[in-house]
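Since the model is a prediction, treat every value here as computed from it, not as a measurement. For ligands, and for the atoms within them, numbers begin at 1 and follow the listed sequence. The first residue in the sequence is number 1, and the count goes up from there.
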Amino acid sequence: MALQDEIKKRRTFGIISHPDAGKTTLTEKLLLFGGAIQVAGAIKSKKASRHATSDFMEIEKQRGISVATSVMGFEYRNTKVNLLDTPGHKDFCEDTYRTLTAVDSVVMVIDSTKGVEAQTEKLLEVCRMRNTPIMTFMNKLDREGMDPIELLDNVEDKLGLAVCPLSWPIGMGKTFQGVYSLYEKSIVLFKAGADKQSKLGEVVRISDLADPVLDERIGQFAADKLREDIELVTGVYPEFNKNDYLAGTITPVFFGSAVNNFGVRELLDCFIDIAPNPRPRDTTEGPVAPDNPKFSGFIFKIHANIDPKHRDRIAFLRICSGTFERNKKYIHVRSGKVYRSNNPTAFMAQAKEVIDTAYPGDIIGLHDTGELRIGDTITDGDKFSFKGIPSFSPEIFKVVVNEDPMKTKQLDKGLLQLCEEGVAQLFIRTDGSRKIIGTVGALQFEVIQYRLEHEYGAKCRFEPLGFVKACWVTSEDSNALDIFIKSRPTQIARDTESRTVYLAETRWSLDREIAEHPEITFHTTSD
Ligand code: G4P
C-alpha cells in the first residue's frame with residue numbers, strides 16, 4: 001500500500017480522564033469492537049490487582065502487562081487505530097503528559113455524576129498546547145447524574161472548550177432509555193441488565209423526530225421530552241463543524257455508559273469518521289509532513305526493565321514521517337551516531353510482535369541499552385529535532401539525602417540516568433547545591449529509591465520540601481532576571497540542562513510573582 005494510504009488509515013489517540021471516570025472500561029469496550037480482545041476483563045485485570053495493592057513493587061509485578069497496554073493497536077472499519085495509554089491513579093507521572101505529545105487526538109471521558117474533575121483539567125492543559133482535537137464521552141448515564149445541559153456548561157466553564165453534542169440522552173439513571181444520535185439521526189435503545197459484552201444496543205432509525213414510532217418505543221412522555229430537548233440543543237449549540245473540532249476549539253460530545261457498552265459504538269464510528277490522521281509535526285527546521293518519504297520519529301517514553309540482570313529498556317518511538325524499516329541504518333540526531341534496530345516491536349492489543357515496517361502514527365518499541373533519551377529524534381539522515389516534547393512542571397518536591405556516603409558516585413550517576421529516562425526531574429539548588437527531585441506524581445519517589453538501590457547500589461531517603469510548582473523563568477531583560485534570581489536564593493534552582501527554575505511555595509505566591517514581574521516569563525514546560 002502506498003505511504004499516503006497507510007497514513008489515511010491511521011488514527012493515533014489517547015484517552016484522558018480523572019481516575020474512576022471509566023477510562024479502563026471504555027478502553028476495553030473499544031478493544032472488543034476492534035476484535036483485539038475477546039472477553040471483557042482482559043484489561044481490567046491490571047486494574048483489579050492495582051486496586052488491591054498500594055506499593056510500587058506490586059505495581060511493578062504488573063509491569064509486563066503495563067508495557068503491553070502502553071500502546072494498544074487494533075483494526076476497525078479498515079482503519080488502524082493506535083490507542084496510547086495515559087497512566088492514571090497512583091502511577092500518574094510525566095509519562096501521562098508526554099504520551100499526549102505523541103497522539104493526534106484524544107477522547108475525554110467524564111463521569112456524568114461528577115462533571116469535570118482535577119486530573120482532566122491538568123491533562124487538558126497539555127492538549128491545549130498543541131490544539132489537540134478532543135472528543136468527549138459523558139459516561140455512567142445509567143446512574144443519576146448531573147443534568148446534561150449542566151454537564152455541557154461544566155465543560156465550557158471549567159475547560160474553556162466549546163461543546164457540540166452529537167448524541168443526547170433519553171432519561172438518566174433508572175429512567176435511562178438510550179440516546180438519540182444527532183450524528184446518525186437514530187435512537188439507540190438501552191436495555192438495563194442486558195449482556196454487558198454484547199456489542200450493540202438496538203438501533204431505530206428515525207429521520208424525523210415527529211415519527212410516532214418514537215412514542216411507541218420510548219413512551220409519549222420521554223418522546224415529548226426528547227423532542228423538546230433536541231429543539232433546545234439544536235437552537236443553543238452550533239452545528240457540528242469538523243474544522244473547529246480539528247482545530248481543537250470545539251469538542252463533539254457523546255453520552256453513554258461504558259460498562260454497559262452503550263453509546264460506545266456511536267463514539268467509535270464517529271471517531272473513525274472525523275478523528276485526524278497523522279498531521280505535520282514541528283521540528284527545529286520547520287514542519288515535517290507525514291507523507292515526506294524520509295523516515296523520522298521521536299522518543300516519548302522509556303520503559304526500564306526492573307530486573308537488574310536485564311538492564312535493557314524499551315524506548316517508545318512515534319513515527320512522524322516516511323516508512324520505518326527494520327535493520328535500516330538511521331541517524332540518532334542528538335549523538336550524530338548511526339541507529340539501527342533489528343527487533344523493533346509493534347503493539348497489537350496485548351501482544352507484542354517484531355515488525356519489518358511501520359508508518360506515521362504508529363508507535364514502535366525499540367530495545368535500548370541506554371543510548372536513547374526522551375525527546376530524541378531519529379531520522380533517515382536529516383539533522384532536525386522534533387519540538388514539543390518538553391519536561392512538565394513538577395508539583396511534588398523532595399531533597400535527596402545520601403544514606404551511604406561511600407556510594408556517592410553511584411547515587412549521582414543513578415539520579416542523572418533515571419532523570420534522563422524521564423522518571424522524575426532533577427534540580428540543583430543554587431544556594432548550596434542540594435539535589436531536589438521534582439515529580440508530578442507521588443509514586444515516582446518509591447520508584448527512584450527502589451531503582452537506585454537495586455540498579456546502582458546506592459541508598460537515599462527523601463526529605464519533603466514546601467514547594468508546589470516549578471516554573472522555568474526567562475526574560476528578554478537579562479538584568480531584571482538577574483535581580484529576580486539573586487533576590488530569591490532559596491527558591492532558585494537549575495535543571496540538568498542548567499536552565500533556571502523558580503520554585504513556588506504556594507499557588508498564591510506564584511500568581512503574585514507573575515503579576516508583579518511582567519518582564520519575566522514563567523513557563524510551565526521546559527520548551
Ligand atoms: P478508570 O480507568 O477511569 O479509573 O475507571 P474504570 O474504567 O476502572 O471505572 C471505574 C469504575 O466505574 C468501575 O467500577 C467501573 O465498573 C465503573 N464504570 C465504568 N463505566 C461505568 C458506567 O457506564 N456505569 C456505571 N454505573 N459504572 C461504570 P469499580 O466498582 O471500581 O470496578 P469494577 O468492580 O466494576 O471493575
Side-chain angles (χ1 to χ4, degrees), residues 13-33 37 39-54 59 62 65-66 68-70 72 83-93 95-96 99-100 106-124 134-146 148 151 167 169-179 188-201 253-268 350 441 443:
F13 81 113
I15 301 183
I16 59 171
S17 75
H18 191 82
D20 281 335
K23 180 179 68 120
T24 316
T25 313
L26 180 66
T27 300
E28 189 167 276
K29 302 304 173 194
L30 294 173
L31 294 182
L32 278 170
F33 277 111
I37 54 170
V39 289
I43 300 294
K44 260 319 215 205
S45 58
K46 163 187 165 198
K47 177 166 163 127
S49 50
R50 187 191 294 168
H51 259 318
T53 58
S54 59
I59 291 172
Q62 299 297 318
I65 299 173
S66 71
T69 56
S70 288
M72 290 161 279
L83 169 52
L84 275 56
D85 188 29
T86 46
H89 292 266
K90 283 174 67 64
D91 47 3
F92 182 72
C93 58
D95 273 350
T96 315
T99 296
L100 295 177
V106 305
V107 168
M108 168 166 77
V109 182
I110 291 176
D111 181 338
S112 62
T113 66
K114 297 193 174 138
V116 175
E117 296 172 88
Q119 193 163 304
T120 310
E121 283 185 65
K122 282 190 190 180
L123 292 168
L124 204 98
I134 299 164
M135 285 176 84
T136 301
F137 186 72
M138 296 291 186
N139 192 26
K140 306 197 185 180
L141 261 289
D142 58 319
R143 292 176 54 185
E144 297 300 333
M146 288 163 68
L151 271 169
S167 85
I170 306 169
M172 178 183 286
K174 284 200 185 79
T175 61
F176 184 53
Q177 295 209 61
V179 291
V188 190
L189 295 173
F190 174 70
K191 233 189 231 161
D195 177 9
K196 289 183 178 178
Q197 288 177 34
S198 74
K199 293 194 178 178
L200 300 172
V253 180
F254 288 80
F255 291 83
S257 166
V259 78
N260 289 293
N261 203 357
F262 194 81
V264 179
R265 183 194 60 81
E266 290 68 29
L267 175 80
L268 181 57
Q350 290 173 292
L443 183 75

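- Of all heavy-atom pairs spanning G263 and F137, the tightest one is O-CE1, 3.7 Å.
- Considering backbone and side-chain N/O atoms, L141 never comes within less than 3.5 Å of an N/O atom of ligand 1.
- The shortest N/O to N/O separation between A258 and ligand 1 falls below 3.5 Å.
- The two residues M146 and K114 make their nearest non-hydrogen contact at SD-C, 3.7 Å.
- Near P19, meaning under 4.0 Å from any of its heavy atoms, are these atoms of ligand 1: 4 (O).
- Counting the atoms of ligand 1 from 1 in the order shown, those under 4.0 Å from a heavy atom of S257 are 22 (C), 23 (O), 24 (N).
- Of all atoms in ligand 1, listed by their number and element, those nearer than 4.0 Å to a heavy atom of S17 are 3 (O).
- Nearest heavy atom pair, residue E144 against residue G173, reads OE2-CA, 3.5 Å.
- Residues passing the ring pair (Phe, Tyr, Trp, His ring centres under 6.0 Å) test with F176, sequence neighbours excluded: F190, F262.
- Partners of S112 by side-chain hydrogen bond (donor to acceptor under 3.5 Å, both in side chains), not counting sequence neighbours: none found.
- In this structure, N139 contributes its side chain and V109 its backbone to no donor-acceptor pair below 3.5 Å.
- In summary, the atoms of ligand 1 found under 4.0 Å from a heavy atom of K23, numbered by their order in the structure, are 1 (P), 2 (O), 3 (O), 5 (O), 7 (O).
- For atom 19 (C) of ligand 1, the candidate residues are T27, T25, T113; the nearest heavy-atom contact is made by T25.
- Comparing T24, I15, N139, V264 by heavy-atom distance to atom 2 (O) of ligand 1, the nearest is T24.
- In this structure, D20 has a heavy atom closer than 4.0 Å to ligand 1.
- Considering all non-hydrogen atoms of both residues, N261 and V264 come closest at OD1-CB, 3.6 Å.
- Remark: ligand 1 and D142 share an N or O pair separated by less than 3.5 Å (distance only, no angle test).
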